[in-house]
Number of protein chains: 2
Amino acid sequence: MQLTQFTDLSLRLLIYLARLPEPGLATISEIADYHQISRNHLVKVANSLANQGFIMSTRGKGGGLQLARPAYAIGLGEVVRRTEQNMNLVECFDIPSNQCRLIRNCFLKATLYEAQRAFMSVLDKYTLADAANLGVNAELLSLPTATPPLT
Amino acid sequence: MQLTQFTDLSLRLLIYLARLPEPGLATISEIADYHQISRNHLVKVANSLANQGFIMSTRGKGGGLQLARPAYAIGLGEVVRRTEQNMNLVECFDIPSNQCRLIRNCFLKATLYEAQRAFMSVLDKYTLADAANLGVNAELLSLPTATPPLT
DNA sequence: CTATAAGATTCATTTAAAATGCATCTTATG
DNA sequence: CATAAGATGCATTTTAAATGAATCTTATAG
C-alpha cells in the first residue's frame, strides 16, 4: 500500500510553491536541486500538475512555476486522485480486466471501496495550505487525530 | 494506490476456505485451479498465511489447508496489515530511509497517516465471514456505505 | 534578431518489486 | 515404499516506475 513517488513529488512540489513569498515563482531546476531529485522526473511531475490545472507554468527567461489557485483552494484529495495513476486496490476494481471468480457473491470489494473512500475523505478535509503548514486550518492539524501513530 | 496481488490472493484463499463445508479442507492445487492462477505463487501465499496463524496446513496424503480460527474471528484489517509488504504510503513514512527535506514542518505526513488509519479502521470493522458473505454481519454489508461508488 | 533561459515532448534505458517457474526437500498416509 | 500433499530456496520473467538524454517550443534581454 504505497503511493507512487510521482504523487509524493507532486505534493512536495506544490508545498514548495505554496511556501514561496509573492509572486510564488520557482523553476523546476530550483525545486529539483532543493530536493536533490531527478530533474527529468520533476519535469514530468510539473507537466502533469500544469495539465491538471494545479499550477501555471511560464516558459522562457524569467519563467517558472506558480500555483494556479491559492493554497487553501487546492484539496489534497483532489491532487492525489488526479495524480495517482492506478487507484485499483485489487484486481476486481477494474471490471474490464477482472479475472476473479468470486466477484458475484463476495463483499470484499464493497469493503475495500468503503475503506478507500474513508481514506480519500480524510484527504478531502485538508488543503495544500494545511499540508504546507501555512496557518490556515492549522488548528485542525494539531488535534490528536492528526498525530502520526504507528499505523 | 494498490494492494499487491499477493494480498489479493491471500484474501481470496481465505474466502475460499471460509466457504467450504466442514471440515473446511482444501489443497493449494484445488484453489489455484479454481482461480486459474499460478500454483507457485499460491504456495507462497498459503505459507505466509500459515506463518501468520490464519490457516493451518497439513502435509501428506489427505492434507491441505484449513482456517485456523472461525471466519468471524479473522479480521480483514489484521489480514491486510500482516500480508501487505510495504505500508509506507510515501518516502517519509520510513524514517531511516527518508530523504525529504520538508519533514520537519510539513503536515502531509500526519494527514496521510490519518487517512491510512481511516482506511484500516474500515477493514477492522469487518471479518472474513463478512467478506465471504456467510450471513454473519451480512446486514451491515447491505447498508448504503458498503455499496461500491465510483471512488 | 540572436543568445539564452526557461518549460514541453518524445524516446530510450535502468531499476526494483512483484510475480512466476523450477527443483528439491519434508511429512504423512495407505 | 509409493504417492500425495505442503515447505523451501533459487532463478527467471514481467511490469511499472523511475531516470536519462535529446530535441522542440516559447519568451525575454540586449
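Residue numbering restarts at 1 for every chain, and letters A, B, ... go by the order of the sequence lines.
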Taking side-chain contact (heavy atoms from CB on, under 4.5 Å) as the definition, give me every residue that meets it alongside [X], ordered by chain and number, with sequence neighbours left out.
{"X": "Ala18(B)", "result": "Leu67(B), Ala71(B), Leu128(B), Ala132(B), Leu134(B)"}
{"X": "Ala46(A)", "result": "Leu13(A), Ile28(A), Ile55(A), Leu65(A)"}
{"X": "Asn51(B)", "result": "Asn47(B)"}
{"X": "Gln66(B)", "result": "Pro23(B), Leu25(B)"}

Could you check how far [atom1] of [X] sits from [atom2] of [N], rounded to whole Å?
{"X": "Gln36(A)", "N": "dT19(D)", "atom1": "CD", "atom2": "C1'", "answer": "16 Å"}
{"X": "Ile28(A)", "N": "dT9(C)", "atom1": "CD1", "atom2": "P", "answer": "11 Å"}
{"X": "Ile55(B)", "N": "dG6(D)", "atom1": "CD1", "atom2": "P", "answer": "9 Å"}
{"X": "Asn47(B)", "N": "dC10(D)", "atom1": "CG", "atom2": "P", "answer": "15 Å"}
{"X": "Leu49(A)", "N": "dA8(C)", "atom1": "CG", "atom2": "C1'", "answer": "14 Å"}
{"X": "His35(A)", "N": "dT19(D)", "atom1": "NE2", "atom2": "C1'", "answer": "18 Å"}
{"X": "Met56(A)", "N": "dA8(C)", "atom1": "CE", "atom2": "C1'", "answer": "16 Å"}
{"X": "Leu42(A)", "N": "dG7(C)", "atom1": "CG", "atom2": "C1'", "answer": "12 Å"}

Base, backbone or nothing for each nucleotide of nucleotides 15-22 of chain C, written B, S, -, heavy atoms under 4.0 angstrom, 5' to 3'?
---SSBBB

In terms of side-chain geometry, is the basic nitrogen of Arg81(B) or Asp124(B) positioned less than 4.0 Å from the acidic oxygen of its partner?
yes

Produce the list of close N/O pairs, under 3.5 Å, pairing protein atoms with atoms of nucleotides 26-30 of chain D; give distances to one decimal.
{"unit_1": "dT26(D)", "atom_1": "O4'", "unit_2": "Arg59(A)", "atom_2": "NH1", "d": "3.0"}

Residues passing the side chain to side chain donor-acceptor pair (under 3.5 Å) test with Gln5(A), sequence neighbours excluded, are none

Applying side chain to side chain donor-acceptor pair (under 3.5 Å), name anything that partners Thr4(B), two or more places apart in sequence or on another chain.
Thr7(B), Glu84(B)

Per the ring pair (Phe, Tyr, Trp, His ring centres under 6.0 Å) rule, what does the pair list look like for residues 81-103 of chain B, sequence neighbours excluded?
Phe93(B)-Tyr113(B)

For residues 23-44 of chain B, pull every pair meeting side chain to side chain donor-acceptor pair (under 3.5 Å), keeping only residues two or more places apart or in separate chains.
Tyr16(B)-Glu30(B), Ser29(B)-Arg39(B)

Donor-acceptor pair, distance only, cut-off 3.5 Å: does the side chain of Thr58(A) make one with the backbone of Gly64(A)?
yes

Those residues of residues 18-27 of chain A lying under 4.0 Å from DNA chain D by at least one heavy atom
none

Pairs satisfying salt bridge (charged side-chain N to carboxylate O under 4.0 Å, His left out), at least one member in residues 46-75 of chain B, at least two apart
Arg69(B)-Glu78(B)

